[in-house]
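Here's the structure we're looking at; comments come further down.
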Amino acid sequence: MPHLPDPIELTKALIACESVTPARGPVFDMVEASLAPLGFAVERFVAGEAPDGPVENLLAVRGSSGRHFAFAGHLDVVPPGAGWKHGPFEPVEAGGLLYGRGAVDMKGAIAAFVAAAARVPADAGKLSLIITGDEEGPAVHGTRALIARMAERGLKPDACLVGEPTSVNRLGDMIKIGRRGSVNIWIEVPGRQGHVAYPHLADNPIPKLVRALAALDALVLDEGTEWFQPSNLEITELEVGNPGTNVIPARAKARLSIRFNDRHRGDALADRVAAIVREHAPEAVIIPRVSGEAFLTSPGALSTLVARAIEQRTGIAPELSTTGGTSDARFLSALCPVVEFGLVNATMHKLDEAVAIDDLRVLADIYADIAGAALSESSAATDQ
């Protein structure tokens with residue numbers, strides 16, 4: 001029997017691999033070296049070209065029959081920033097915590113995946129790990145490319161768990177069963193440059209853009225749903241770039257970000273925004289980019305299975321939630337029922353990111369219980 005991976009030591013090894021998005025090379029080497037002795041067939045491939053690539057991805061599969069359960073996550077991390085107590089890629093234990101960039105988001109969960117997989121019997125069913133090097137970045141050639149590769153190979157999980165850090169105050173207090181969608185929209189209103197003393201010879205684009213933004217800011221998209229908070233539209237950038245105090249500018253630009261629930265689709269919201277902008281600025285150029293649609297895995301067998309595993313190990317009955325930002329679950333939800341569960345998220349993306357060492361051990365236990373139950377012939381986790 002192979003040596004069981006230690007989630008603490010593996011988390012340390014992963015943190016030590018500098019993997020600012022997009023992650024490549026050594027951090028994937030570490031995961032592959034941990035999975036191969038456990039009987040996984042590991043495939044690594046690079047997808048995409050600049051500006052959103054290239055991106056390295058890893059697909060590991062063990063087993064050929066029975067139910068198929070997948071763990072999914074990412075090895076890339078956000079830039080560490082300056083001012084850490086210790087080096088961000090030098091794992092340090094202190095006061096029961098393990099410090100390092102990615103400890104929580106989400107190298108700790110990846111290590112727990114591997115440790116959990118080692119405890120699940122190889123003949124229990126089909127188990128896979130879907131791991132990308134680009135979740136924190138554009139996410140164009142990451143999980144979407146992995147899904148395409150899985151389709152080529154005829155791989156379709158019955159259920160999937162994404163290891164994002166969903167816990168808020170204590171490990172196990174929250175599971176994510178859905179996420180809001182996201183669309184960013186760039187607006188440029190053209191004008192005609194001129195002297196401020198001769199406005200009739202110019203065309204100032206700023207008032208047009210301001211009126212359009214005021215109308216958008218007053219827009220109420222919805223009042224929320226049973227599982228989702230209200231959708232919100234935020235103005236995230238306003239730019240003129242006019243250095244002259246006596247010059248009417250030739251153009252004015254703005255950017256919007258909309259986080260929306262499952263009452264909307266990204267392209268329909270973009271069309272709605274465009275219609276409002278053109279009421280005030282008919283010549284405006286409007287460029288939308290939908291980074292993900294809203295999704296909901298309705299409470300049922302999968303969320304019940306995950307909640308039961310958490311409660312048995314922690315004594316906590318987790319809250320089911322759809323709050324927070326987006327994750328790659330937005331892509332995986334097209335394949336199968338998907339939920340997200342992972343570490344306490346209080347320090348993710350922050351200086352001195354840290355995970356409780358005991359939480360890593362418990363998380364590996366929970367993941368092993370979830371995978372074992374999901375692969376069991378008596379499991380109803382895929383009957384959603």
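Atoms OG and CD1, on Ser167 and Ile175 in that order, are 9.0 Å from each other to the nearest 0.5 Å. We find the CG-OG1 distance between Leu343 and Thr11 to be 8.0 Å, quoted to the nearest 0.5 Å. Rounded to the nearest 0.5 angstrom, Gln229 CD and Arg180 CZ are separated by 4.0 Å. Atom CG in Leu256 sits 4.0 Å away from atom CD1 in Ile187 (nearest 0.5 Å). The CD atom of Glu18 sits 10.0 Å away from the CD atom of Glu90 when rounded to the nearest 0.5 Å. Interatomic distance, Asn232 CG to Ser257 OG, rounded to the nearest 0.5 Å: 8.0 Å.
Asp173 places a side-chain N or O within 3.5 Å of a backbone atom of Asn169 that can act as its donor or acceptor partner. Between the side chain of Asn246 and the backbone N or O of Val196 there is no donor-acceptor pair closer than 3.5 Å. Not one N or O on the side chain of Lys156 forms a donor-acceptor pair closer than 3.5 Å with the backbone of Ala151. For the pair Arg62 (side chain) and Ala117 (backbone), a donor-acceptor distance under 3.5 Å is present. Listed for the Arg149 side chain is no donor-acceptor partner under 3.5 Å among the backbone atoms of Leu58. The backbone N or O of Gly300 sits less than 3.5 Å from a side-chain atom of Thr304, completing a donor-acceptor pair. Judged by distance alone, the side chain of Asp352 and the main-chain N or O of Lys85 form a donor-acceptor pair under 3.5 Å.
In the hydrophobic cluster analysis, where Ile, Leu, Val, Met, Phe, Trp and Tyr join through side-chain heavy atoms closer than 4.5 angstrom, Phe28 is grouped together with Leu38. Hydrophobic clustering (ILVMFWY, side-chain heavy atoms < 4.5 Å, transitive): Val285 and Leu216 are in distinct clusters. Residues Ile110 and Val355 fall within the same hydrophobic cluster, defined by Ile, Leu, Val, Met, Phe, Trp and Tyr side chains chained together at heavy-atom separations under 4.5 Å. Ile276 and Val290 fall within the same hydrophobic cluster, defined by Ile, Leu, Val, Met, Phe, Trp and Tyr side-chain heavy atoms under 4.5 Å apart, directly or through other members. By the criterion of side-chain heavy atoms lying less than 4.5 angstrom apart, applied directly or through intervening Ile, Leu, Val, Met, Phe, Trp or Tyr residues, Leu155 is grouped together with Val162 in one hydrophobic cluster.
Judged purely by distance below 3.5 Å, without hydrogens or angles, the side chains of His264 and Glu293 never pair a donor atom with an acceptor atom. Inspection of the Glu49 and His141 side chains reveals no N or O donor paired with an N or O acceptor under 3.5 Å. Lys107 and Ser19 share a side-chain donor-acceptor pair at under 3.5 Å. One side chain, Asp105 or His349, offers a donor N or O that lies under 3.5 Å from an acceptor on the other. For the residue pair Ser182/Ser291, the side-chain donor-acceptor check at 3.5 Å is satisfied.
A pairwise comparison of heavy atoms in Ala371 and Leu127 identifies CB-CD1, 4.3 Å as the closest pair. Residues Ala47 and Ala145 share a closest heavy-atom pair of CB-CB, 3.8 Å. The minimum heavy-atom distance between Leu97 and Ala356, with the atom names listed, is CD2-CA, 3.6 Å. What you find for Ala364 and Pro7 is that their closest heavy atoms are CB-CG, 4.2 Å. The two residues Thr132 and Gly142 come nearest to each other via the heavy atoms OG1-CA, 3.1 Å. What you find for Asp134 and Val55 is that their closest heavy atoms are CB-CG1, 3.5 Å.
In this structure, Arg153 pairs ionically with Glu43, as a charged nitrogen and a carboxylate oxygen lie closer than 4.0 Å. Salt bridge status for Arg44 with Asp29: present, with a side-chain N to carboxylate O gap under 4.0 Å. For the pair Arg289 and Asp52, the salt-bridge criterion is met [side-chain N within less than 4.0 Å of a carboxylate O]. A salt bridge links Lys208 with Asp203: the closest approach of a Lys/Arg side-chain nitrogen to an acidic carboxylate oxygen falls below 4.0 angstrom. For Glu311 and Arg308, the salt-bridge test fails: no basic side-chain N is under 4.0 Å from an acidic carboxylate O. Under the 4.0 Å criterion applied to side-chain N and carboxylate O atoms, Arg313 and Asp365 are assigned as salt-bridge partners.
Exactly one residue among Glu188, Glu239, Glu234, Glu237 makes a salt bridge (Lys or Arg N to Asp or Glu O under 4.0 Å) with Arg255. That residue is Glu237. With respect to Asn261, the side-chain hydrogen bond (donor to acceptor under 3.5 Å, both in side chains) criterion is satisfied by exactly one of Thr225, Thr322, Asp222: Asp222.
Side-chain contact between Tyr198 and His200 is present, with at least one heavy-atom pair separated by less than 4.5 Å. Counting heavy atoms from C-beta on, the side chains of Val344 and Asp359 come closer than 4.5 Å. Inter-residue side-chain proximity for Pro249 and Pro205 is flagged as met; some heavy-atom pair is nearer than 4.5 Å. Side-chain contact between Asn57 and Ile131 is absent, with no heavy-atom pair separated by less than 4.5 Å. Side-chain contact between Phe341 and Leu363 is present, with at least one heavy-atom pair separated by less than 4.5 Å. Counting heavy atoms from C-beta on, the side chains of Phe295 and Val338 come closer than 4.5 Å. Contact check for Glu353 versus Pro88: no side-chain heavy atoms found under the 4.5 Å cut-off. A heavy-atom distance below 4.5 Å is found between the side chains of Leu219 and Arg272.
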Item to check | Stepwise side-chain hydrogen bond (donor to acceptor under 3.5 Å, both in side chains) check, Glu340 with Ser327 | outcome: CA-CA 9 Å; Glu340 301 174 60; Ser327 77; 3.0 Å; yes
Next on the checklist: Before you tell me yes or no, could you show the steps for Ile366 and Thr314 under side chain to side chain contact (heavy atoms under 4.5 Å, CB included), namely the whole-Å CA-CA distance, both residues' side-chain angles and the distance that decides it to 0.1 Å?
Outcome noted: CA-CA 9 Å; Ile366 294 171; Thr314 67; 4.0 Å; yes
Next on the checklist: Does Glu283 form a side chain to side chain contact (heavy atoms under 4.5 Å, CB included) with Arg278? I'd like the steps, not just the answer.
Outcome noted: CA-CA 7 Å; Glu283 303 302 319; Arg278 291 198 170 107; over 6 Å; no
Item to check | Chi angles and distances behind the side chain to side chain contact (heavy atoms under 4.5 Å, CB included) call for Leu171, Val362 | outcome: CA-CA 9 Å; Leu171 178 67; Val362 176; 3.8 Å; yes
Item to check | side chain to side chain contact (heavy atoms under 4.5 Å, CB included) between Phe331 and Glu135, worked out | outcome: CA-CA 11 Å; Phe331 307 128; Glu135 192 270 351; over 6 Å; no
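Between Phe71 and Tyr367, the angle of the ring planes lies from 30° to 60°, which puts this pair in the tilted group.
By the neighbour-count criterion of 12 heavy atoms within 6.0 Å, atom NZ of Lys350 is sparsely surrounded, having that number or fewer from other residues, nucleotides or ligands. The local environment of CZ in Arg170 is sparse, with at most 12 non-hydrogen atoms from other residues, nucleotides or ligands closer than 6.0 Å.
Geometrically, Arg263 does not engage Phe228 in a cation-pi contact, judged by NZ or CZ lying under 6.0 Å from the ring centre and within 45° of the ring axis.
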